[in-house]
Amino acid sequence: MRRKLVVGNWKMHGSRPANAELLAELLGARPYGADVAVCVPFVYLGDTAAQLARSDVGWGAQDVSAHASGAYTGEVSAAMLQECGCRYAIVGHSERRAYHAESDELVAAKAQAALGRGITPVVCVGETLAQRDAGETEAVVKRQLSAVIHTLAHCAAEMVVAYEPVWAIGTGRTASPEQAQAVHAVLRAQLQAATGHAGRMRILYGGSVKADNAAALFAMPDIDGGLIGGASLKAADFIAICRAA
Ligand code: 13P
């Protein structure tokens, strides 16, 4: 039996006072019947770690460098994230693939760098609307995931996968539970063939998850929780989603 996981992706939002208030509310609403974490901008990791320390709410980053160290201005290494107590690092978010030209191979290298420091990579895959309309959804997500599986090899079962259809992100247009389940089943079959341990791996859904649609999505057999953008910034909404899990 897989324990559900709900991860908030704050993206480039927040401020020190707003974060402190949000996290205090999140802590106050415990316990949750699921694993809960927030992935915050790098500069807030120290504050977040201090506030969430000794709680069962985890924290993580939204990206990680593929490099261990060196002359890579602006990059943050997995070792640095480890020092900040990160349990998770999102890699391959569609916004990074689109705006920073991240390739499948780079995403795989980032996942490997995270795992090398004991940080669980939350590997995002998902098709654009044009790809869905062209009937390419399966091929796209399988290609994106297979690059990571290949690179992580025998450690592949340690990642968390997040299916985030690009057309559902920040648009208010959620995949239906059935649409999401269909892709999750494909991903789990691929993970099973590669690792033999897909039964214990978590596959999250992301894309306009809200308090009022979370329960139906999380009820699907292969949806093991959510990666939450906009709704993770409002305490009441995020708490409701965590409870739905
Ligand atoms: P929204 O929940 O705002 O659609 O964002 C989803 C997402 O990109 C999470 O990583």
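FYI, the numbering just counts along the sequence from 1. Ligands are counted one by one from 1 in listed order, and the atoms in each one are counted from 1 as well.
Of all the heavy atoms in A49 and C84, the pair that sits closest is CB-O, 3.6 Å. A108 and A147 make their closest contact through CB-O, 3.5 Å (heavy atoms, listed as atom of the first residue, atom of the second, distance). Closest non-hydrogen pair, V107 versus E102, comes out as CG2-OE1, 3.9 Å.
Heavy-atom contacts from other residues, nucleotides or ligands closer than 6.0 Å to CD of Q192 number more than 12. The local environment of NE2 in H67 is crowded, with over 12 non-hydrogen atoms from other residues, nucleotides or ligands closer than 6.0 Å. Heavy-atom contacts from other residues, nucleotides or ligands closer than 6.0 Å to NE2 of H100 number more than 12.
In summary, the side chains of D222 and Q181 do present a donor paired with an acceptor at a separation below 3.5 Å, with no hydrogens or angles considered. Side chains of E164 and H93: a donor-acceptor N/O pair is present below 3.5 angstrom, by distance only.
The single protein non-hydrogen atom nearest to atom 3 (O) of ligand 1 is G230 N, 2.8 Å, given as residue, atom name and distance. From the protein, the heavy atom lying nearest to atom 2 (O) of ligand 1 is G229 N, 2.9 Å.
Distances shorter than 4.0 angstrom occur between a heavy atom of K11 and an atom of ligand 1. In this structure, A231 falls outside the shell of residues with a heavy atom less than 4.0 angstrom from ligand 1. Note on ligand 1: A168 sits in its first shell, one or more heavy atoms being nearer than 4.0 Å.
Every N/O-N/O distance between I169 and ligand 1 stays at or above 3.5 Å.
Among G170, G226, S232, the residue whose heavy atom lies nearest to atom 4 (O) of ligand 1 is G170.
Counting the atoms of ligand 1 from 1 in the order shown, those under 4.0 Å from a heavy atom of E164 are 6 (C), 7 (C), 8 (O), 9 (C), 10 (O). Residue N9 approaches ligand 1 through these ligand atoms, each under 4.0 Å from one of its heavy atoms: 9 (C), 10 (O). Less than 4.0 angstrom separates some heavy atom of H93 from each of these atoms of ligand 1: 7 (C), 8 (O), 9 (C), 10 (O). Listed by number with element, the atoms of ligand 1 under 4.0 Å from a non-hydrogen atom of G207 are 4 (O), 6 (C).
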